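Structure record follows, encoded as structure tokens.
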Amino acid sequence: MAVTAPAFEAIAPPASSARRRRYTEDQVPIGKLLLRMLAGLVVLVVFILPYTIMFFGSVKTKAQIRSVEPTYFPTEWHWENYVNMWSTPETPLVQNLISTIVISVFATLLVLVVAMPAAYYTARFRFPGRMVFLFLVIVTQMLQPAVLTSGLFRQFVALGLIDTWAAMIFINAAFNLSFAVWIMHSFFAGVPKEIDEAAQIDGAGRLRVLFKISLPLVWPGIVTAIVFTFVACWNEFAASLVVLSTAGNQPLSVALTKFVGQYETSWHYVFGVSIVAIIPVVVLFMLIEKRLVGGLTAGSVK
């Protein structure tokens, strides 16, 4: 007797055709696609236009910017503005750039050194007061340096650290630590404990498990914390304005205000310094864009 295939096999469509039909059904109509592209173009123009205006202003003269009939495009391109602004008497921009880099880099490193073990421990161990500790950590995110400037000033005067890079490194690290702990905590909590237990059975200690096993698995979360911490430190203004009084120790965010006077403002230098200050952050995002997007999407799922 001949063996026939089950009835459902006879009527079921091939897998390839099902995949093709599902793909064709998910295709976006050309009209809706053009509408989305137009909306994306509008958003792009809205976000890019201020930076474009700043760039055009940075290559104009002071007279062109303050002319009665201003124009968006410069009539003459003065690229020497980007050279002259480094030797202006208002502020030592070279030292300000170095100060910004040192404070941002070391504050970010300090945040990583403290946040990684804290996030790992809170994700792996259940200890008394754990939720209270995590709540207090997130509460500190509500406090901003601008609100606590007077207290910070008195504290660092007592410590003898006023007007130093160390003071701003500690301040930036303290105010960005909570975000880093929470985002890393969510990633460490998403890694199964069995992986750590298997490594410990093989003879690995806690530190080795953290650095050799767990960190590679939560690397997108670490990259996300690094980017947001670095950008926050790079853009910090209020505490730097109060704690740092020497012109050479101040970051670019504070040095930028030196070109704004009571009766006259050097807008071409303001725009030029702003463009220079944006470039490192843009380059950082370009270098780690894929890991940053992966970290944000993975964190939302976890």
Side-chain angles (χ1 to χ4, degrees), residues 103-148 151-152 155-156 159 166-236 239 284-285 288-302:
I103 293 173
S104 302
V105 170
F106 281 93
T108 303
L109 291 177
L110 182 58
V111 167
L112 289 180
V113 170
V114 178
M116 281 194 298
Y120 177 77
Y121 191 85
T122 54
R124 282 290 181 264
F125 300 97
R126 300 294 186 267
F127 54 90
R130 172 175 171 270
M131 296 308 298
V132 176
F133 171 77
L134 291 174
F135 174 75
L136 293 176
V137 168
I138 200 63
V139 163
T140 60
Q141 189 71 19
M142 304 177 186
L143 303 175
Q144 295 298 321
V147 182
L148 305 174
L152 292 172
Q155 180 178 0
F156 285 106
L159 295 174
M168 289 311 305
I169 290 173
F170 290 137
I171 291 174
N172 282 296
F175 283 99
N176 291 283
L177 185 61
S178 58
F179 173 81
V181 169
W182 266 95
I183 194 169
M184 291 186 190
H185 170 84
S186 64
F187 276 84
F188 279 119
V191 177
K193 293 183 179 180
E194 290 76 11
I195 296 178
D196 293 4
E197 294 172 356
Q200 289 178 332
I201 292 175
D202 292 338
R206 281 290 179 186
L207 289 178
R208 187 173 182 182
V209 171
L210 172 60
F211 289 101
K212 297 292 185 180
I213 306 299
S214 297
L215 287 188
L217 298 176
V218 299
W219 185 243
I222 296 175
V223 171
T224 306
I226 289 174
V227 171
F228 279 91
T229 301
F230 182 83
V231 172
C233 297
W234 188 272
N235 296 327
E236 200 284 322
L284 178 63
F285 271 93
I288 57 178
E289 176 189 4
K290 293 182 179 180
R291 291 188 179 273
L292 176 62
V293 174
L296 291 174
T297 55
S300 63
V301 174
K302 293 177 182 178

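This structure is a prediction, so every number in the text was calculated from the model and none was measured.
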Approximate separation, where rounding is to 0.5 Å, of [X] [atom1] and [Y] [atom2]:
| X | Y | atom1 | atom2 | value |
| --- | --- | --- | --- | --- |
| F156 | F170 | CZ | CZ | 7.5 Å |
| S104 | F106 | OG | CZ | 11.5 Å |
| I213 | R208 | CD1 | CZ | 7.5 Å |
| K212 | L217 | NZ | CG | 13.5 Å |
| T122 | W182 | OG1 | CH2 | 8.5 Å |
| I103 | C233 | CD1 | SG | 9.0 Å |

For the residue pair [X] and [Y], what are the closest heavy atoms and their distance?
| X | Y | result |
| --- | --- | --- |
| A119 | H185 | CB-N, 3.5 Å |
| A225 | F179 | CA-CE2, 4.4 Å |
| R124 | K193 | O-NZ, 3.7 Å |
| A180 | T229 | CB-OG1, 4.5 Å |
| N172 | A232 | OD1-O, 4.5 Å |
| A123 | A189 | CB-N, 3.7 Å |

F125, CZ atom: more than 12 neighbouring heavy atoms under 6.0 Å: yes
Does F230, at its CZ atom, have more than 12 non-hydrogen atoms belonging to other residues, nucleotides or ligands within less than 6.0 Å? yes
Given the options L215, V209, V191, V218, Y120 meets side chain to side chain contact (heavy atoms under 4.5 Å, CB included) only with V209
Between F228 and I183, is the side chain to side chain contact (heavy atoms under 4.5 Å, CB included) condition met? List the steps. CA-CA 11 Å; F228 279 91; I183 194 169; 5.9 Å; no
With the side chain counted from C-beta on, respond yes when M116 and V181 share a heavy-atom pair under 4.5 Å apart, and no when they do not. no
Does any part of the side chain of I222, heavy atoms only, come nearer than 4.5 Å to the side chain of F187, both counted from C-beta? no
Is the side chain of E236 donor-acceptor paired with the backbone N or O of A239 at a distance under 3.5 Å, no angle test? yes
